[in-house]
Amino acid sequence: AQRVTQPEKLLSVFKGAPVELKCNYSYSGSPELFWYVQYSRQRLQLLLRHISRESIKGFTADLNKGETSFHLKKPFAQEEDSAMYYCAGVGSGKFYFGSGTKLNVKP
Amino acid sequence: EADIYQTPRYLVIGTGKKITLECSQTMGHDKMYWYQQDPGMELHLIHYSYGVNSTEKGDLSSESTVSRIRTEHFPLTLESARPSHTSQYLCASSDSTSPGDEQFFGPGTRLTVL
């Protein structure tokens with residue numbers, strides 16, 4: 001079955017520390033993968049997508065086909081990065097979301 | 001302003017009642033979706049539509065039904081609400097012609113069935 005797995009429910013780091021939110025996928029073929037973010041009292045919104053190979057708010061995510069991973073990274077976390085992060089993939093025209101990781105950046 | 005709207009935002013209702021959760025978008029998108037999300041859990045796709053008169057069931061079995069009579073409107077109906085339907089329901093839309101198929105989400109409806 002096509003799915004996306006986020007093994008960590010909660011990740012706490014100090015401001016300025018590097019952060020990596022893990023995402024593994026099980027898809028056949030070439031997956032389309034995304035990271036969505038939900039800040040407190042805001043809607044779920046797209047953060048970045050792997051096809052764009054972009055950096056948004058200092059975050060990057062590289063698709064590693066060998067490890068079937070799409071981890072989200074930022075070298076220096078900021079307090080405003082505290083939010084829920086969801087990894088998502090598209091397969092057969094449907095979106096599959098992971099269970100989410102809550103990132104808490106402490107001052 | 002282009003946006004996606006959901007009403008009501010919160011609903012507390014008794015078992016056996018019929019309810020309709022509204023979702024409307026003014027973004028001109030052709031695709032629309034309904035997700036169900038329990039706290040701390042995955043978003044599960046329960047219904048989607050690729051256009052007017054097109055509706056499909058998602059991967060999570062749901063007793064709800066949807067309709068897509070107008071492009072901008074995608075209501076979800078529960079004929080007889082039960083406590084197991086208590087959850088957050090998120091509506092989303094996307095433009096099939098845009099690269100990457102980015103989904104835009106509404107604010108959600110939190111449903112509690114007593």
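We name chains A, B, ... by the order of the sequence lines, and we start the count at 1 in each one. Because only heavy atoms are used, hydrogens play no part in the values below, and waters and symmetry mates are left out as well, while side chains stay in.
Counting heavy-atom neighbours within 6.0 Å of B:K17 NZ, excluding the residue itself, gives a total of 12 or less. Atom NZ of A:K15 is surrounded by 12 or fewer heavy atoms from other residues, nucleotides or ligands within 6.0 Å. Heavy atoms of other residues, nucleotides or ligands lying less than 6.0 angstrom from OH of A:Y39 number more than 12. Atom CG of B:L114 is surrounded by more than 12 heavy atoms from other residues, nucleotides or ligands within 6.0 Å. The environment of CD in A:E80 is crowded: more than 12 heavy-atom neighbours from other residues, nucleotides or ligands sit within 6.0 Å.
Within the 4.5 angstrom heavy-atom criterion, atoms from both the backbone and the side chain of B:L43 approach chain A. When heavy atoms are compared at a cutoff of 4.5 Å, B:E56 does not approach chain A at all.
Side chain of A:Y36 to backbone of B:Q103: a donor-acceptor contact under 3.5 angstrom is found.
Put simply, B:Y5 and A:L44 are part of two different groups of oily side chains (I, L, V, M, F, W, Y) that touch within less than 4.5 Å, one to the next.
Using a 4.5 Å cut-off on side-chain heavy atoms (C-beta onward), A:R3 and B:E42 make contact. Side-chain atoms of B:I4 and A:R43, non-hydrogen and from C-beta on, do get closer than 4.5 Å to each other.
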Go through the steps for B:Q37 and A:Y86 under the test side-chain contact (heavy atoms from CB on, under 4.5 Å), then give the verdict.
-> CA-CA 12 Å; B:Q37 182 186 30; A:Y86 294 91; 2.7 Å; yes
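Taking CG of A:L46 as the reference point, atom CZ of B:F105 lies at 9.5 Å (rounded to 0.5 Å).
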